[in-house]
Amino acid sequence: MYFVTWQLARGQQELDGSERDLVAGAIRKFDGHRYELAAYVVMDDHVHALITPLANYELESILHSWKSFTAHQMQRGKRRFGRAWQDEYFDRIIRDDKELVQKCDYIIANPWKRWPEMESYPWVWPLER
């Protein structure tokens, strides 16, 4: 399993609600087919996910697919210009159950760390561990 993070390219406006819906939908699209999804959060300027690639699928190609599809859709739908996402992404292999719990808790809590007054956030899954 991998903990992955990627973010908007410099100079890009924050993701609005419809763009966050788009990214969340792209992440969920091939769950169970190309990878097993354990958790994700789509923030205003970055994304975190916990995934395990399935046989014949590599992490790099999964991330490329998410970023490429969503960038093209956002450029068409919102008329974003230039690169939507940074080329780089961060990944870390989850080595044990303790680290899995820690990363899952981090993902789930991320919106409330940034916006503590918020009552609900629809772009995080699962909503609780």
Side-chain angles (χ1 to χ4, degrees):
M1 180 171 296
Y2 292 91
F3 172 75
V4 295
T5 301
W6 70 97
Q7 50 190 331
L8 285 173
R10 291 182 187 186
Q12 286 290 346
Q13 294 179 352
E14 294 178 347
L15 298 171
D16 66 20
S18 66
E19 291 172 321
R20 292 182 211 191
D21 287 342
L22 172 72
V23 175
I27 292 170
R28 290 189 309 264
K29 176 76 173 171
F30 293 107
D31 181 23
H33 300 281
R34 296 181 184 177
Y35 47 83
E36 294 293 333
L37 181 62
Y40 72 85
V41 63
V42 182
M43 298 292 288
D44 57 339
D45 62 352
H46 68 279
V47 180
H48 298 296
L50 277 171
I51 69 164
T52 303
L54 297 177
N56 302 319
Y57 294 99
E58 294 182 9
L59 182 64
E60 185 175 359
S61 66
I62 294 166
L63 268 288
H64 174 78
S65 173
W66 288 343
K67 291 167 64 177
S68 177
F69 172 76
T70 57
H72 285 102
Q73 294 299 312
M74 289 187 297
Q75 288 165 341
R76 286 184 191 147
K78 290 296 199 181
R79 296 183 178 87
R80 282 186 180 263
F81 296 98
R83 189 178 338 182
W85 302 108
Q86 289 184 5
D87 290 336
E88 307 84 25
Y89 63 89
F90 170 82
D91 66 81
R92 175 170 172 80
I93 295 173
I94 303 300
R95 305 211 181 269
D96 56 35
D97 288 344
K98 180 180 176 184
E99 186 174 7
L100 174 61
V101 168
Q102 186 269 332
K103 294 298 186 195
C104 192
D105 287 348
Y106 178 84
I107 286 171
I108 293 167
N110 202 231
W112 288 274
K113 284 181 183 174
R114 180 166 290 178
W115 305 292
E117 70 286 349
M118 185 176 50
E119 293 184 20
S120 66
Y121 192 78
W123 303 285
V124 62
W125 181 86
L127 292 176
E128 57 187 50
R129 186 173 56 79

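On a predicted model such as this, the values are computed, not experimentally measured, just so you know.
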- Task: Could you list the residues that satisfy side chain to side chain contact (heavy atoms under 4.5 Å, CB included) with S61, not counting sequence neighbours?
- Result: E58
- Message: Just checking Q86: does its CD atom have more than 12 heavy atoms from other residues, nucleotides or ligands closer to it than 6.0 angstrom?
- Response: yes
- Enclosure of E119 CD (heavy-atom neighbours >12, cutoff 6.0 Å): no
- For the atom pair CH2 (W112) and OG (S120), what is the distance rounded to the nearest 0.5 Å? 7.0 Å
- Task: Only counting residues at least two apart or in another chain, list the ones meeting side chain to side chain contact (heavy atoms under 4.5 Å, CB included) with H64.
- Result: S68
- Task: Taking the side chain as every heavy atom from C-beta outward, state whether V47 and V41 have any atom pair closer than 4.5 Å.
- Result: no
- Query: Just wondering, do Y2 and I93 contact through their side chains at under 4.5 Å, heavy atoms?
  - Reply: yes
- Message: The criterion is ring-ring contact (aromatic ring centres under 6.0 Å, His included); which residues satisfy it with W66, sequence neighbours excluded?
- Response: W6, Y35
- Distance in Å, D21 CG paired with D16 CG, rounded so as to fall on 0.5 Å steps: 8.5 Å
- If a pair satisfies salt bridge (Lys or Arg N to Asp or Glu O under 4.0 Å) and one of its residues is in residues 37-52, list it, with sequence neighbours excluded. D44-R114, D45-R114
- Please list, chain by chain and in numerical order, all residues satisfying side chain to side chain contact (heavy atoms under 4.5 Å, CB included) with A39, sequence neighbours excluded. L50, C104, I107, P126
- Message: Membership question, hydrophobic clusters at under 4.5 Å side-chain separation (ILVMFWY): are L15 and W115 in the same one?
- Response: yes
- Who pairs with K98 by side chain to side chain contact (heavy atoms under 4.5 Å, CB included), at least two apart in sequence or on another chain? D96
- Consider only side-chain heavy atoms of I, L, V, M, F, W and Y, link residues closer than 4.5 Å, and tell whether L59 and F90 are in one cluster. yes
Using distance only, find each side-chain donor-acceptor pair of residues 23-34 under 3.5 Å and give its atom names and separation, not counting sequence neighbours.
residue: R28; atom: NH1; partner: Y40; partner atom: OH; Å: 2.6
residue: D31; atom: OD1; partner: L37; partner atom: N; Å: 2.9

- Kindly write out the residues that satisfy salt bridge (Lys or Arg N to Asp or Glu O under 4.0 Å) with D87, not counting sequence neighbours, or none if the list is empty. R83
- Who passes side chain to side chain donor-acceptor pair (under 3.5 Å) against D91, sequence neighbours left out? none
- Message: Are the side chains of K103 and I94 in contact, using a 4.5 Å heavy-atom criterion?
- Response: yes
- Query: About how many Å separate CG of N110 and CE of M43, when rounded to the nearest 0.5 Å?
  - Reply: 4.0 Å
- Message: Is it the case that the side chain of Y121 and the backbone of V42 share a donor-acceptor pair, with hydrogens and angles ignored and the cut-off at 3.5 Å?
- Response: yes
- Message: I'd like to know if the side chain of E19 and the backbone of M74 have a donor-acceptor N/O pair within less than 3.5 Å.
- Response: no
- Kindly write out the residues that satisfy ring-ring contact (aromatic ring centres under 6.0 Å, His included) with Y89, not counting sequence neighbours, or none if the list is empty. none
- Sorted by chain and number, sequence neighbours left out, salt bridge (Lys or Arg N to Asp or Glu O under 4.0 Å) with E99 holds for R92
- Task: Name all residues meeting the ring-ring contact (aromatic ring centres under 6.0 Å, His included) criterion together with F3; count only those two or more places apart in sequence or in a different chain, and write none if there are none.
- Result: H48
- Task: Look at atom CD of Q102 and say whether more than 12 heavy atoms of other residues, nucleotides or ligands are closer to it than 6.0 Å.
- Result: yes
- At what distance, to the nearest 0.5 angstrom, does CH2 of W85 lie from NE2 of H46? 10.0 Å
